*Asks:* 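My questions all concern the structure below.
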Amino acid sequence: MEIRETHPFDLTPAEAIRLQETLRARVRLAGDIGEVSLVAGADASYVKGEDVIHAVVVALSYPDLTVVERVSAAAVTPFPYIPGLLTFREGPALVEAFRRLQSEPEVIFFDGQGIAHPRGLGIASHMGVLLDRPAVGVAKSLLVGTAAEPAVGRGSTAPILRDGETIGMAVRTRKRVKPVYVSVGHRIDLSQAVDLVLATARGYRLPEPTRQAHLFANEVRRWEGQTTLSSSTK
DNA sequence: GCGACAG
DNA sequence: ATCTTGTCGC
């Protein structure tokens, strides 16, 4: 993908927060996805004590969900993990991975929040704005807000509320399994985002794009995350 | 000041 | 995110 916009990620936490407050104004909470033929999932993995992030993007055809392309990129991160500033840790590697992606997915799933974030700019919204693509945040837990427990059946939902405002949706993708927390990333509305998550969740808690990205990220990490580091370090 | 806190 | 095997339940 062509990425026309980017910015420095090597900032202080205070500067990063200021940048988020500026970028949040550019997030679009609506937009018609139109016909979807390609969906992508992005994720990152790393070795516990190291500062090398392995980011991946996996593109799947829709609605059959066949993996059609997988790319990865490794980058030294300038940030530790700080709740609310995840994008500054994984962003550099993710941007490079997207640059290597030949496919043009109509929508991208990110591992984390969209607007359900302290400043309304979780990783899905932040990356969505930089890529100028429809993006959806699919998180395994909440960062801000509260949600009632959805009914036990697959497809049940419960709004994620914050100050009486609906900022996302808890979605049960499998019967009796902990829900995933979906929030708008960019250029898509919550309803379409939830529908797409349910349409791509088949037999597992995580929707297929996210699940495939997870699997590939781990694969890449121990394939290159040991060979490259230990054999090129000396 | 004391907790909470995506990945 | 990562560290880790088996095990209980649908």
Side-chain angles (χ1 to χ4, degrees), chain A residues 9 13 16-17 20 23-24 27 41-58 72-95 97 108-128 135-147 151-154 156 160-163 167-186 193 197 203-207 209-226 229:
Chain A
F9 282 90
I17 287 174
Q20 290 183 322
L23 288 177
R24 82 184 283 184
V27 174
D43 191 27
S45 173
Y46 58 86
V47 177
K48 192 171 184 177
E50 306 300 326
D51 55 354
V52 174
I53 303 292
H54 295 280
V56 309
V57 181
V58 177
S72 69
V76 171
T77 182
F79 251 74
Y81 168 64
I82 298 175
L85 299 179
L86 178 63
T87 308
F88 293 89
R89 177 171 175 71
E90 304 186 346
L94 281 171
V95 166
I108 304 166
F109 285 7
F110 285 88
D111 210 325
Q113 317 294 340
I115 64 169
H117 174 277
R119 290 165 292 282
L121 197 82
I123 194 165
S125 296
H126 195 147
M127 291 300 299
V136 176
V138 181
K140 296 181 291 300
S141 62
L142 289 173
L143 175 58
V144 295
T146 58
V152 300
R154 173 193 150 85
S156 298
I160 297 172
L161 304 172
R162 186 191 188 194
D163 303 320
I167 57 175
M169 202 74 87
V171 181
R172 189 91 68 184
T173 52
R174 280 198 70 182
K175 193 172 293 182
R176 293 171 189 259
V177 167
K178 177 178 177 166
V180 291
Y181 302 92
V182 180
S183 60
V184 169
H186 185 54
V197 165
Y204 295 88
R205 172 158 88 121
L206 299 178
T210 300
R211 200 176 77 84
Q212 291 302 328
H214 265 301
L215 293 172
F216 187 47
N218 287 316
E219 193 179 306
V220 168
R221 186 198 50 191
R222 25 167 231 248
W223 190 76
E224 184 190 310
Q226 183 116 126
L229 289 180

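Source: prediction; values computed, not measured. Within every chain, numbering begins at 1; the chains are lettered A, B, ... in the order of the sequence lines, protein sequences first and strands thereafter.
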*Asks:* Take atom CZ of A/Arg162 and atom P of B/dC5, then tell me their distance rounded to the nearest Å.
*Replies:* 14 Å
*Asks:* Just wondering, do A/Leu121 and A/Ile115 contact through their side chains at under 4.5 Å, heavy atoms?
*Replies:* no
*Asks:* Which residue, A/Arg176 or A/Asn218, contacts DNA chain C at a nucleotide closer to its 5' end, judged by nearest heavy atom?
*Replies:* A/Asn218
*Asks:* Rounded to whole Å, how long is the line connecting atom CG of A/Leu142 with atom C1' of B/dG3?
*Replies:* 17 Å
*Asks:* Whole-Å distance between B/dA6 C1' and A/Phe109 CZ?
*Replies:* 17 Å
*Asks:* Can you identify which nucleotide, out of B/dA6, C/dT2, B/dG7, has its nearest atom closest to the A/Pro83 side chain?
*Replies:* B/dA6
*Asks:* Roughly how many Å is it from CD in A/Glu50 to P in B/dG7, rounded to a whole number?
*Replies:* 22 Å
*Asks:* Does A/Tyr81 lie flat on the base of B/dG7, that is, centres under 5.5 Å apart and planes under 30° off?
*Replies:* yes
*Asks:* Might you work through the side-chain contact (heavy atoms from CB on, under 4.5 Å) test for A/His214 and A/Val56, ending with a clear yes or no?
*Replies:* CA-CA 8 Å; A/His214 265 301; A/Val56 309; over 6 Å; no
*Asks:* Base, sugar-phosphate alone, or nothing: which one does A/His214 contact when heavy atoms must sit under 4.0 Å apart?
*Replies:* sugar-phosphate
*Asks:* Figure out the CD/P separation between A/Glu219 and C/dA1, and round it to whole Å.
*Replies:* 16 Å
*Asks:* Looking at A/Ser141, does any N or O in its side chain come under 4.0 Å of the phosphate oxygens OP1/OP2 on B/dC5?
*Replies:* no
*Asks:* Just how far, in rounded Å, is P of B/dG7 from CG of A/Leu206?
*Replies:* 10 Å
*Asks:* Identify whether any heavy atom of A/Gly137 sits under 4.0 Å from a base atom; if not, whether one sits that close to sugar-phosphate; answer base, sugar-phosphate or nothing.
*Replies:* nothing
*Asks:* Classify the nucleic acid contact of A/Lys140 as base, sugar-phosphate or nothing, counting any heavy atom under 4.0 Å across all strands shown.
*Replies:* sugar-phosphate
*Asks:* For A/Phe110 together with A/His126, are the ring centres under 6.0 Å from each other?
*Replies:* no
*Asks:* When you look at A/Arg119 and A/Leu85, which way does the side-chain contact (heavy atoms from CB on, under 4.5 Å) test go after all the steps?
*Replies:* CA-CA 10 Å; A/Arg119 290 165 292 282; A/Leu85 299 179; 3.8 Å; yes
*Asks:* A/Phe88 CZ to C/dA1 P: how many Å, rounded?
*Replies:* 20 Å
*Asks:* NA contact type, A/Ile123, heavy-atom cut-off 4.0 Å: base, sugar-phosphate, or nothing?
*Replies:* base
*Asks:* Quickly work out the A/Leu86 CG to C/dA1 P distance and round it to whole Å.
*Replies:* 10 Å
*Asks:* With a non-hydrogen cut-off below 4.0 angstrom, is A/Leu121 in contact with a base, only sugar-phosphate, or nothing?
*Replies:* nothing
*Asks:* Please round to the nearest 0.5 Å and tell me the distance separating atom NZ of A/Lys140 and atom OG1 of A/Thr210.
*Replies:* 8.5 Å
*Asks:* Determine yes or no for a side-chain-to-main-chain donor-acceptor pair under 3.5 angstrom, with A/Thr173 supplying the side chain and A/Arg205 the backbone.
*Replies:* yes
*Asks:* Just wondering, more than 12 heavy atoms not from A/Lys178 lying within 6.0 Å of its NZ?
*Replies:* yes
*Asks:* Should the pair A/Arg89 and A/Tyr81 be classed as cation-pi, given the thresholds of under 6.0 Å to the six-membered ring centre and 45° from the axis?
*Replies:* no
*Asks:* So, does A/Arg89 get its side chain near the phosphate of B/dA6, meaning an N or O under 4.0 Å from OP1 or OP2?
*Replies:* no
*Asks:* For Watson-Crick and G-U wobble pairs within 3.5 Å on both distances, what is DNA chain C written in dot-bracket notation, | included for inter-strand pairing?
*Replies:* ..........
